[in-house]
Number of protein chains: 2
Amino acid sequence: MSTISDVAKLAKVSVSTVSRVISGKGYVSKETQKKVLQAAQELAYSPNLIARNLQSGKTQTIGFITNSPLGFPNSFLGTFIAIANLHDYYVTLYFTNGDKNKEIDVLNQMKHRQLDGIFVFNRSNEWSVFESYTAYGPIATRYRINSKQIYSSHIDHYPIYLASLNYLYQQGYKKIAHSMGNPENRNTKARIKAINSFYQGNGLLLNVDWLFCETSTENNGNQLAHWFHHATDKPEALACHSDSIAVEFISELQNLGYNVPRDVAVIGFDNSDISRLMHVTTVDYSANLQAENSFVHLYNQLNNTNIPQHHLEYKLIERKTTPKINDYIEQD
Amino acid sequence: MSTISDVAKLAKVSVSTVSRVISGKGYVSKETQKKVLQAAQELAYSPNLIARNLQSGKTQTIGFITNSPLGFPNSFLGTFIAIANLHDYYVTLYFTNGDKNKEIDVLNQMKHRQLDGIFVFNRSNEWSVFESYTAYGPIATRYRINSKQIYSSHIDHYPIYLASLNYLYQQGYKKIAHSMGNPENRNTKARIKAINSFYQGNGLLLNVDWLFCETSTENNGNQLAHWFHHATDKPEALACHSDSIAVEFISELQNLGYNVPRDVAVIGFDNSDISRLMHVTTVDYSANLQAENSFVHLYNQLNNTNIPQHHLEYKLIERKTTPKINDYIEQD
DNA sequence: CTGTTAGCGCTTTCAT
DNA sequence: ATGAAAGCGCTAACAG
């Protein structure tokens with residue numbers, strides 16, 4: 001494995017000259033450049049990026065923290081990586097399975113300069129923990145949080161969720177159960193606000209027993225299906241805060257002998273592949289732009305640039321799980 | 001950002017002593033250790049891993065190459081990362097979208113010592129290209145290939161596919177279409193061999209028009225659905241080489257007004273989450289063990305260890321898309 | 001048990 | 001336009 005000084009020797013120039021032609025910085029005469037390139041070629045020289053990184057103090061690597069591979073963040077992650085690669089950044093993926101310590105390990109990677117920045121797709125620790133690490137590098141998330149130190153590319157869930165509920169209402173559903181995230185999340189709070197507006201606005205009575213907040217993400221859709229199975233008073237529709245909950249719910253319900261939407265309508269959230277495959281009505285909220293915004297922010301912080309952010313929009317994607325009530329026709 | 005020599009100064013010892021206590025290697029007296037730790041604490045010192053990497057020439061990072069985020073390799077990837085993290089390795093994910101150059105870029109990352117090893121989940125370039133890079137580090141894949149240089153944790157698809165076909169036969173399906181991978185893959189060849197055995201063994205006639213080999217992974221299930229829609233002579237069952245093809249096929253068929261399994265039975269391959277959610281009969285072939293084997297091999301190569309590999313088994317997972325023919329009962 | 005010293009491979013002033 | 005030399009922060013002989 002040849003080094004820069006091997007090349008220098010062979011080309012009979014100094015290491016700094018070689019460095020200049022390899023990195024393309026600084027003045028080098030055409031002739032010496034040619035000599036160097038030839039020597040480099042001959043020795044099959046390739047620069048050691050670790051040494052470069054030590055010099056620059058950067059690794060060009062962003063850490064991506066997510067709970068588990070089961071959350072179907074595929075498209076988001078794909079976009080994030082694509083845009084990162086476009087800017088010569090790489091992304092290292094960490095599955096924490098909700099383990100706070102694993103999350104801390106990742107944050108420490110940044111502290112140890114192994115990571116230039118971090119994106120938080122899921123989190124287990126308090127935001128204050130993340131904030132304390134912003135001293136070592138930029139952190140971004142998709143959650144809607146109120147922090148000066150952590151960037152958040154989010155979209156207000158209030159109008160979106162209100163639109164979802166109004167849509168369900170318009171389709172004839174009045175008895176609606178709600179599956180929501182961590183009650184401390186601002187997204188969840190926005191949804192609760194939307195729920196209140198909705199029920200008051202339509203003169204409906206909110207059944208508090210039909211308000212589910214997530215404690216552990218694990219199998220939540222599954223549990224909801226069993227809850228539905230045993231409930232004496234069943235809702236006409238379930239509004240979910242993620243497609244993954246929605247499809248787990250539907251799938252398990254099918255195992256229990258139910259039919260969606262005949263027995264209950266379902267609306268998801270994310271417009272993920274899985275919702276498309278399973279024909280679940282959902283909401284698209286420009287997750288790809290959100291991913292792009294997140295990376296761009298990290299990039300801007302890291303490089304003192306000012307690439308502009310995209311504005312996020314949402315759109316209801318109507319599929320088969322929310323027909324007009326009582327309109328369901330047995331598929332043939 | 002304090003360095004090891006800052007700590008050394010404050011603790012009034014040499015850098016090597018500090019290095020010893022931080023890395024836990026070599027003899028240090030309890031007292032000096034305490035002094036050093038205290039100084040480190042005071043300065044909020046944390047080791048710069050890049051420097052360590054330069055010293056060791058390693059990054060503790062494995063590159064994971066995959067085509068696109070749409071192939072549902074979630075569980076495999078999750079296992080791979082989990083086992084890697086357990087061994088203090090990290091994994092950087094690359095989506096190539098079938099772009100050969102992007103694949104080469106990743107290989108060059110290893111050449112530049114940014115990556116200690118590479119796992120190939122999908123590939124676009126010839127294997128010989130990959131082989132030429134094994135000079136720079138170990139490469140592993142899940143494909144069944146014949147290479148001394150690239151490790152492959154695979155399972156023979158011949159008996160598996162034969163078992164799938166026999167199962168379909170036993171369920172009463174005799175008109176079977178086949179969706180397969182790249183005809184140059186040895187897995188595909190094994191499947192073709194299984195097909196021949198099957199048709200000959202059962203005295204059936206193989207319809208060559210029902211043999212689909214994949215050129216581009218994109219939307220293959222989709223295309224198959226449209227093919228089915230327009231075919232005058234339709235098969236009774238489709239056997240797929242991946243769950244992702246199977247579910248895309250089913251989903252698009254549903255869009256076209258068909259019903260699976262009433263109109264056509266489907267068997268997948270992978271036992272992925274998506275097949276579970278959509279109740280697709282599939283084959284489990286210990287993909288998680290395959291992921292583990294792959295990492296373990298890379299680890300063994302990198303560390304001159306000899307952690308043993310797992311033996312891969314397969315198991316047919318019977319779900320709802322392959323009932324006894326003509327036994328389909330409209331779900332209620 | 002601890003300190004000195006020489007790198008790891010590259011970039012970057014600062015001279016010339 | 002090119003070279004010498006000083007690091008980047010850490011590890012690992014080697015000496016004592």
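Chain letters run A, B, ... following the sequence lines, proteins first and then strands; every chain starts at 1.
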Notebook entry, point to check: What is the nucleic acid contact for Ser29(B), judged by heavy atoms within less than 4.0 Å: base, sugar-phosphate only, or nothing?
Noted result: sugar-phosphate
Notebook entry, point to check: Between Gln55(B) and Val28(B), which has a closest nucleotide on DNA chain C that is more 5'?
Noted result: Val28(B)
Margin query: What is the distance, to the nearest angstrom, from the CD atom on Glu31(A) to the P atom on dT2(D)?
Written below: 8 Å
Check: Between Tyr89(B) and Asn303(B), is any side-chain donor less than 3.5 angstrom from a side-chain acceptor?
Finding: yes
Check: Rounded to whole angstrom units, what separation is found between the NE2 atom of His112(B) and the P atom of dC8(C)?
Finding: 19 Å
Notebook entry, point to check: Can you check the Ile4(A) CD1 to dA5(D) P distance for me, whole Å?
Noted result: 17 Å
Note to self: Please confirm whether the shortest side-chain N or O distance from Ser19(A) to OP1 or OP2 of dT11(C) is below 4.0 Å.
What the structure shows: yes
Note to self: ring pair (Phe, Tyr, Trp, His ring centres under 6.0 Å), that's the test. Do Phe121(B) and Phe80(B) meet it? Break it down for me.
What the structure shows: CA-CA 11 Å; Phe121(B) 190 83; Phe80(B) 191 90; 9.6 Å; no
Note to self: Please classify the nucleic acid contact of Thr32(B) as base, sugar-phosphate, or nothing, using heavy-atom distances under 4.0 Å.
What the structure shows: sugar-phosphate
Check: Between dC10(D) and Arg52(B), is there an OP1 or OP2 to side-chain N/O distance shorter than 4.0 Å?
Finding: no
Next item on the list: Considering non-hydrogen atoms only, spot the tightest contact between Asp116(B) and Pro138(B) and give its length.
Entry: O-CD, 3.3 Å
Notebook entry, point to check: In whole Å, what is the span from the CG atom of Asn53(A) to the P atom of dC8(C)?
Noted result: 18 Å
Notebook entry, point to check: Can a side chain N or O of Thr3(B) be found less than 4.0 Å away from OP1 or OP2 on dG9(D)?
Noted result: no
Checklist line | DNA chain D: 5'-proximal contact among Arg20(B) and Ser46(B) (nearest heavy atom) | finding: Ser46(B)
Next item on the list: Measure the distance from CG on Leu49(B) to P on dT11(D) and round it to the nearest whole Å.
Entry: 9 Å
Check: Would you say the side chain of Ser16(B) and the base of dT4(C) hold a donor-acceptor pair, judged only by whether the two atoms sit under 3.5 Å apart?
Finding: yes
Check: For Leu54(B) and dC10(C), what is the distance between atoms CG and P respectively, to the nearest whole Å?
Finding: 9 Å
Margin query: Just N and O in the side chain of Thr17(A): are any of them under 4.0 Å from OP1 or OP2 of dG3(D)?
Written below: yes
Note to self: What is the distance, to the nearest angstrom, from the OH atom on Tyr27(B) to the C1' atom on dA13(D)?
What the structure shows: 15 Å
Note to self: Measure NZ/Lys25(B) against P/dT2(C) and give the value in whole Å, please.
What the structure shows: 19 Å
Next item on the list: Quick one: label Val13(A) by what it contacts on the DNA or RNA (base, sugar-phosphate, nothing), any heavy atom closer than 4.0 Å.
Entry: sugar-phosphate
Next item on the list: Verify ring pair (Phe, Tyr, Trp, His ring centres under 6.0 Å) between Phe76(B) and Phe119(B), making sure each step is shown before the conclusion.
Entry: CA-CA 12 Å; Phe76(B) 188 99; Phe119(B) 177 80; 5.4 Å; yes
Item checked: Gln114(B) versus Asn53(A), closest heavy-atom pair with distance -> OE1-ND2, 3.3 Å
